[in-house]
Structures are given as structure tokens and as C-alpha cells.
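Here the structure comes first, spelled out in C-alpha cells, and everything after it is commentary.
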Protein chains: 2
Amino acid sequence: MSVTIRDVARVSGFSIKTVSNVINGHPQLRPETRQRVEDAIEELGYRPNLSARNLRSGRSGVIGLIIPDLTTAYFAELADAVMRTAAARGLAVLIEPIGSGRENELAALRGQHRHMVDGVIYSSLTLGAGDADLLKSVDTPLVVLGDTSFDGQVDRITMANTAGARAATEHLLAAGRRRVLALAAHEGDIVASAELRLAGYREAIEAAGLAFDPQLVCYADSWHRRGGAASMTKLLEDGVAFDGVFAFNDTLALGAMRVLQESGRRIPQDVAIVGFDDLDETRYSLPALSTVNPRRDDIATAAVETLLRRIEGGPELEAIEIETGFSLEIRESSGGSDQKATSATNAA
Amino acid sequence: MSVTIRDVARVSGFSIKTVSNVINGHPQLRPETRQRVEDAIEELGYRPNLSARNLRSGRSGVIGLIIPDLTTAYFAELADAVMRTAAARGLAVLIEPIGSGRENELAALRGQHRHMVDGVIYSSLTLGAGDADLLKSVDTPLVVLGDTSFDGQVDRITMANTAGARAATEHLLAAGRRRVLALAAHEGDIVASAELRLAGYREAIEAAGLAFDPQLVCYADSWHRRGGAASMTKLLEDGVAFDGVFAFNDTLALGAMRVLQESGRRIPQDVAIVGFDDLDETRYSLPALSTVNPRRDDIATAAVETLLRRIEGGPELEAIEIETGFSLEIRESSGGSDQKATSATNAA
DNA sequence: CCATCAGGGTACAACGTTGGAAGCAGTCGG
DNA sequence: CCGACTGCTTCCAACGTTGTACCCTGATGG
């Protein structure tokens, strides 16, 4: 067996409780005592047994992160940010990739690892306002990352979808583009972020005194490279004229960019393009993709801190919603050399 | 507090231990008793407290996965595979991304979460044979994923680097290519997989009766898109003639492919290209990239099972090394429509 | 009719930790 | 010189689970 607090007590010559007090930073301890205990801990290489501590305290120091999957760049980068934030607070992260689809998302709420985490950060795509009661019925502290509101009944972190989309579109308009595509809404608008980003796009168009042209709004069934490529292929076939593209996420943008280049169009000379998400990859594409940086680190920080607040505060605490800021990363695909234009908002 | 085994005992009318026996599937129980206990469990929605179980049994049901980072597609997909395998065995996975560099890798071995996992799967890039003693000194059960041997002293899962590379190169040769690039070795060969894949490439070249031409072996400092692009740019500038490329991994291949296309070369007509890793992305690139599929699921399964074996068996158990099989995924970039050619090896 | 036995159940201790209550010096005020 | 107080330290119990040892009941055999 490994070294326990009992061994530390024996070696240091103090009682078990005194050692425990040292570990937990209790105030009333003679410095000398503290020092001798710490020496013994050091000497033995003692580390508290988390299971026992957890059993006693009801805490595990582990939080869960529920995401659709890890192989999508967006979620991998989100997970990375959450893990770094959590690690800074001494928390470990248990990732649960649940696959896509509403059924899987619901099943995850009853997941088998729920009882070994202090709380859960839940990145959902398909849950909507109607599921607020369901989420409230889960007795694990919960923070949702997502763009659908739950009537303020559930802690939620959301990103600046509309403002970010508007800034991206305005940037294209400011560069003289007049026919900017919105790529790509969802049929039926089941995904909230699509709706919000489309709204931001429209705001920018109308604020510039241009007419909102439904022909420039295209659709894709998946927000992946493939969807972006397919949409763009169809647009070119249809002969729609445009000189700018605001893609609702980076992979759509990359897929579209690829098709545009295959068709002989130059980026940004013929078509300027801006994405959304600031995936690592966008820095390495040719040309480097301009994009809205949703500040994943801020999202992760807000999520972890809100979760900790909920864990401390219990279910009675009033739910909060936080919208994080964004910045616009102007790269080659929209004509920038590589400056950064920043515009941030923060609202509770 | 949540529902405990005590509540189940009270409701079902049996003792705590009897309930425990039902949960743990002890044989000597009247079916009726079993049924009534299970009914009570169902009724109360009881779930065993893992911390208590773990404290009692010394097991946590959690394994650690130490990888450089999650944002690299290869590791994200590896993590995904490990998590799926582990989930099928009722294990949760605690991912610890440690950044790159030898120092970080060493630090991870003494990581803070080590005491809350039953064992660790460790994907290392920089550890070498000289570190065998170091690895053995870690008292947590450990399985290494990597291409460097530790003299058979540490459990290790490795992939078919040489055979896979040879198959990829042979495929290009069989399609009539005569000047096939090897992209890209590491300067100084610090990374074992580079060395092994280069050996496989060379085997194929020589087995075909061709001369191994050092001019066709190029170098890159990073196995990322950027490195592939930079290498290819330099090759084109240098005017090196070639009609095929075996890239040591997929991101190198994608970076190189991009530069080739920008230069006006057609893939696969002018240059056929094969990668290594079978990243999800390779299916969506244009053209779809042929690649060596290292069977990540097999690697993950072997890793988890070897780890479980080590956890059960203790440190005395003799270390094993497993080399998983591979298959060659022939896609558009090397002229295939989308067939799959398979060739697998398995050795202990 | 009692000893034996087996199936099926129960009581108790222990895993390592921490909070609460209490103990125990030494110091200070009356 | 006694009692209260202060500043540490110690003992005890408890978190929820499971293994060990034991007990009970009814059936069986001598």
C-alpha cells in the first residue's frame, strides 16, 4: 500500500489530526509543528488519498466535460481550454464524448460517471428551452455551454454570436465588399448559433444601408468542411454573384475556400472570406483564414468558475448567464496582412 | 445527500451486506431475494458511491491518458479511441495534456492526479531506451504507446511503422511511380517513428530493384501542415523531380498537397501521394488522401487491455510489447477510387 | 432427539480522511 | 492561589462500501 497520513503522523511524531490540519491549512498551528509535518510529508512523498478525502468531504476534485466528440477540432480546442483552466484550479477533467443526437445528449445526463464528479460542464447542441426542467432535475451542479437560453433557469455561458457575426460582416463591408454570402444557415434553424450569427450578419448588412438579399443566405446540413464545400459548389453552379463570404464557422469556411480556389478564384482578391471559431488550423491554411475569435479561454474560465460557484452555492443559488467577448482576427483571407482588430463585449 | 446502500437495505428489508452481495453478483442468493433488492435499487435509483467503493477496494475505475495535447488531430483521435474502448469496459479516462518537450513528459510521470487513477496510458514522443529505469520506478501501472523500445522492460504498444511505410511505398511503386519522395525525416532522427517509417520506405524501394536516392529524402522540423508545406516549397524551388510522395504522416501530406496544387500540379495525375495515420480529415480533403490506417481502435484496445492486465498482475508480471496491424486506405490522392487494400500483421 | 450441515443471511471492522468535542498545558486576572 | 482562558493537540466518529467471521433456520442422519 502507499503512504498514508498515518505514516506521516508516525514519522513526524504528531497525531493524525495535526497532520490533517497542516495539509488543510488550519490557522492555529505553531510554525515549527507545521514545518516538521511538512518535512515528513516531503520525506515520505505523501499524497492524500483522493477517494478517502472525497468520501469524507463529498468532493472529488474532478469535473466532467460532456461534449459530442473529441475529433471535431472545435470541441478538442474547447476541451483543451477547459482542461488548462481547471488544472490551474487544481481540478481534473473527466471528458465524456457522447456522440451527436438528442438521445445521446439526454443519456449523458444520466451518465455513469456523474456520481464521481463534483459538477458537469455540458456543451449541448440540441437541447432547447423546453428542456430547462429536465436540466434542473439533474442533481449534479451543471453549467451549460450553448446558445440556447433556458429561461435563465440554468447556469449558462454563451459566446458573442450576434456581435461577432456582425463584426465579421462589417469588416467585409468596410473592405468594399457588397455581395457577402452568409454560409450557412440550418434548414429550419434547429441550431441556435446559426440563427444568432445570421442575425448578426443581417444587422451589419442593414446598418450599412444595403438590402438583405435572401439569395445570399445559403444552407448546409453539416457545419463541416464537406458541408462548406458542397454549399459553395452549388452556389457556383447556380451562378450566384458574390465578392465576400461570412462563414458561420471555420470548417465551413475552409471547405468553401477550397472549392473557390479549385474554381480559379483568388482569395482575397476575388472573394474575401471570414470564418468563426479561430481554430488553430486557420493560422496554417493558405491563405490564413480571418475569423472571429470567441475567446475559448474566457469561455472555459467562465464555465469553470460558474461551476465552482454552483458547487459551493447549491441549487438555491440564482442561475446566471454570461456572454463572453470576442475579437476579430484579420488574416490573409480578407486582405489583412496579419493585424488584429479587437472589439469585445461582456455582459452578465 | 444521495441515496446509499443503506436506503436500499431499509426499503428492501434486507441487510446492507445482502444488498452489496446482490450488487456484486455473489452466487449464493435466493432469486427472490435478488429480485426484491433489485426492485428497491430500481425504485430508489441507487448508484454505488465510487469514492467509497474505491477507498475500500483500492481501485478507482479511472485510467489516465497522458498525451502532449488534444488539439493535434492525431492525439484527439487517439484519445477518442481510448475513451471508447475504456467506456466499453466500464472505465473512465482522465486525460492529461502535458505539452511537448522532454521536461513536460517527465513531469507528467509525477503528476498530481496519479494517485486517483488505477493506471496510466502514456503516449510519449521523446522518451527513449535510456529512460526504462525511470519508467519502472513509477509505481503506477503503466503502458507506453510509442515507437521506442525500452528493452522489453515496460509494457508497450507500438504500431506497424515499418510495414505500413513499406506497404504505402510499394503501393506507389506498383502504380508506376519511380521517384517517390520520403517526407519527412527528422534531422538527427530523434523521433523513432521517423526512423522506422524511413526504413520501411527504403525496404520497398530496394525490394523493387530501385536505388535508394538520398536526394528524395527530405526533412522537416515539425510533423505538421506547416512543415509539410515548407518542405514541399523548398523541394519545388530546388527543382527536385518526383512523381510520388510518401508522407510520414497525414498533416505533412496535407501541407505538401496544398503546395503542390498551388504550383499547378495535379494529384494524382502528376504526383501521387500517400500519408500515414488515417486522420478523419483525410476523407474530406480534395482529393481524398490515401493513407496508412494504423488501426487506432486496435491500439486503444491493446493499450487498455494490457493496462488492465498490468493492474491485475502487479509489477512482477513480465512486460509485453504488442505491435498492432495496419491497413492501407487507397483514396483519390494515389489514384484509387475508394477501395481498401488490407494487409495486417500482429506480433507479440 | 440431538449433532451436523448447508444455504442464506447478519454484525462488525476496516479502507484514509476530516470535523467536532474534548484534553492539556501554560498564562493571566482577580 | 484558584479559575478562566488561550493555543495547540488529541481522541472519536463518520463518510459508503465490502470482506471476514459468524449466526440462524430448517433439513438430514445416526
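Quick note on labels: first sequence line is chain A, next is B, and so on, each numbered from 1.
- In this entry the distance linking CZ of A:R10 with P of D:dT10 reads 15 Å, nearest Å.
- Between the side chain of A:E77 and the backbone N or O of A:L279, no donor-acceptor pair lies under 3.5 Å.
- Between B:T18 and C:dT10 there is a side-chain polar atom (N or O) within less than 4.0 angstrom of OP1 or OP2.
- Here the C1' atom of nucleotide D:dT18 and the OH atom of B:Y46 are 10 Å apart, to the nearest Å.
- Salt-bridge formation is detected for the pair B:E32/B:R36: a Lys NZ or Arg NE/NH1/NH2 atom is positioned less than 4.0 Å from an Asp or Glu carboxylate oxygen.
- For A:N49 and C:dG16, the CG to C1' distance is 6 Å, given to the nearest whole Å.
- Distance CG (B:L55) to P (D:dT17): 12 Å, rounded to an integer number of Å.
- In this structure, CZ of B:F14 is placed 17 Å from C1' of C:dA11, rounded to the nearest angstrom.
- Under a 4.0 Å N-O distance rule, the pair B:R296/B:D80 does not qualify as a salt bridge.
- The distance from atom CG of A:L44 to atom CD1 of A:I5, rounded to the nearest 0.5 Å, is 12.0 Å.
- Within the structure, a side-chain polar atom (N or O) of B:T33 is placed less than 4.0 Å from OP1 or OP2 of C:dG9.
- Not a single donor-acceptor contact under 3.5 angstrom links the side-chain atoms of B:K17 to the base of C:dG9.
- Partner of A:S123 under the side chain to side chain contact (heavy atoms under 4.5 Å, CB included) criterion, out of A:V82, A:V144, A:L78, A:I157: A:L78 alone.
- For the pair B:D118 CG and C:dC15 P, the computed distance is 19 Å after rounding to whole Å.
- Between B:S57 and D:dT17 there is no side-chain polar atom (N or O) within less than 4.0 angstrom of OP1 or OP2.
- Contact annotation: the side chain of B:M83 never approaches that of A:L94 to less than 4.5 Å [non-hydrogen atoms, C-beta and beyond].
- Here the side chain of B:S57 pairs a donor or acceptor atom with the backbone of B:R59 at under 3.5 angstrom.
- Rounded to whole Å, the distance from CD1 on B:I16 to C1' on D:dT18 is 11 Å.
- Remark: the A:R56 side chain and the C:dT18 base include a donor-acceptor N/O pair separated by less than 3.5 Å.
- As a whole-Å value, the separation of B:R53 CZ from C:dG16 C1' is 18 Å.
- Comparing the local axis fitted to the first five base pairs of the helix from C:dC1-D:dG30 to C:dG30-D:dC1 with the one fitted to its last five gives a bend of 70°, rounded to 10°.
- Checking A:R6 against B:N21, the closest nucleotide of DNA chain C that is more toward the 5' end is the one next to B:N21.
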